[in-house]
Amino acid sequence: IPMTSAIITIGVLLSSFSSLPYIREIIRGTVRPRIASWAVWTALSGVMTVAAFADGQVPSALLSLVSFLGCAVIVSLGWRQGSRELSKLDIVCLVGAAVGFVALFVLRDPTAAVLVSVGVDAVAFIPTLVHGWENPEEESLACFSCATAGAVCALTSALLSNAALSGL
């Protein structure tokens, strides 16, 4: 378990630091977050934090808590400088995310919750992916690289500790 603790600590630190370049770049005006994506990620990570703590999946809960806090700050700061306009794609993705959130509360099944959460997360990423493709200078490679590395550490920790599916 010490190895698992070290890995989750590294993952949480990487995830914590992943927001810092994005926040700094929002303040400098060099990135323009897609508020639709970040708002969904804030809500999703908040729900996942509560669910993971309730299920005793502390490594997952810590990672999602860090994600929630970072996303919330990015939404708050990005509201002024971010891309607030809602394209048709944003609306479709927000509707898809809303359907996913309803499914989370209706299904009340940890396995289904994990699958739906992954789906909601992927749908929420589409506007940011398109934005990054069309305007790469308005997104942060450092942010997404650190977040990905942190998530890989958290997943590794969950797998090594034989976490329940809800911990993944």
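Predicted model only: the values in this text are computed from it and were never measured. Because only heavy atoms are used, hydrogens play no part in the values below, and waters and symmetry mates are left out as well, while side chains stay in.
F68 and L20 fall into different hydrophobic clusters, where Ile, Leu, Val, Met, Phe, Trp and Tyr residues are linked whenever their side-chain heavy atoms come under 4.5 Å apart, directly or through other members. V40 is not connected to V130 by any chain of hydrophobic side-chain contacts under 4.5 Å among Ile, Leu, Val, Met, Phe, Trp and Tyr, and they are in different clusters. Residues L44 and L69 are members of separate hydrophobic clusters, defined by side-chain heavy-atom contacts under 4.5 angstrom among Ile, Leu, Val, Met, Phe, Trp and Tyr.
Cluster note: V152 groups with no other residue, as no ILVMFWY side-chain heavy atom lies under 4.5 Å from it. Here V102 is tied into one hydrophobic group with V106, each link being a pair of ILVMFWY side chains closer than 4.5 Å. The hydrophobic cluster analysis finds V50 isolated: no Ile, Leu, Val, Met, Phe, Trp or Tyr side chain comes under 4.5 Å of it, directly or through other members. In this structure, L14 shares a hydrophobic cluster with I10, the cluster being traced through Ile, Leu, Val, Met, Phe, Trp and Tyr side chains under 4.5 angstrom apart.
L89 CG to H131 NE2: the interatomic distance, rounded to the nearest 0.5 Å, is 12.0 Å. Distance check: R32 CZ to E139 CD gives 10.0 Å after rounding to the nearest 0.5 Å. Once rounded to the nearest 0.5 Å, the distance linking CD1 of I35 with CD1 of I74 reads 9.5 Å. Distance CG/L129 to CD/E134: 10.0 Å, rounded to 0.5 Å. Rounding to the nearest 0.5 Å places CG of L13 at 11.0 Å from OG of S18.
For an aromatic pair to be called close, the ring centres must be under 6.0 Å apart, and W38 with Y22 satisfies this.
Evaluation of the side chain to side chain donor-acceptor pair (under 3.5 Å) rule for S37 yields T128 as partners, not counting sequence neighbours. Listed by chain and number, the residues in a side-chain contact (heavy atoms from CB on, under 4.5 Å) with S76 amount to none (sequence neighbours excluded). In this structure V73 satisfies the side-chain contact (heavy atoms from CB on, under 4.5 Å) test together with I23, L77, sequence neighbours excluded. Every side chain to side chain donor-acceptor pair (under 3.5 Å) that S64 has, sequence neighbours left out, goes to T49. Partners of I7 under the side-chain contact (heavy atoms from CB on, under 4.5 Å) rule, at least two apart in sequence or in another chain, are M3, C153, T156, S157, L160. With sequence neighbours excluded, no residue satisfies side chain to side chain donor-acceptor pair (under 3.5 Å) with T148. E25 meets the side chain to side chain donor-acceptor pair (under 3.5 Å) test with no other residue; sequence neighbours excluded. For A61, the side-chain contact (heavy atoms from CB on, under 4.5 Å) partners are A52, F53, not counting sequence neighbours.
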Practice problem: Output, in order, the C-alpha distance, side-chain angles, deciding distance and verdict of side chain to side chain contact (heavy atoms under 4.5 Å, CB included) for I126 and V92. | Solution: CA-CA 10 Å; I126 294 169; V92 167; over 6 Å; no
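Contact check for S87 versus R34: side-chain heavy atoms found under the 4.5 Å cut-off.
When all heavy atoms are compared, the tightest approach of A36 to L94 is O-CD2, 3.9 Å. The two residues I26 and P33 have their closest heavy-atom pair at CD1-CG, 3.9 Å. Between V75 and A39, the shortest heavy-atom distance links the atoms CG2-N, 3.6 Å.
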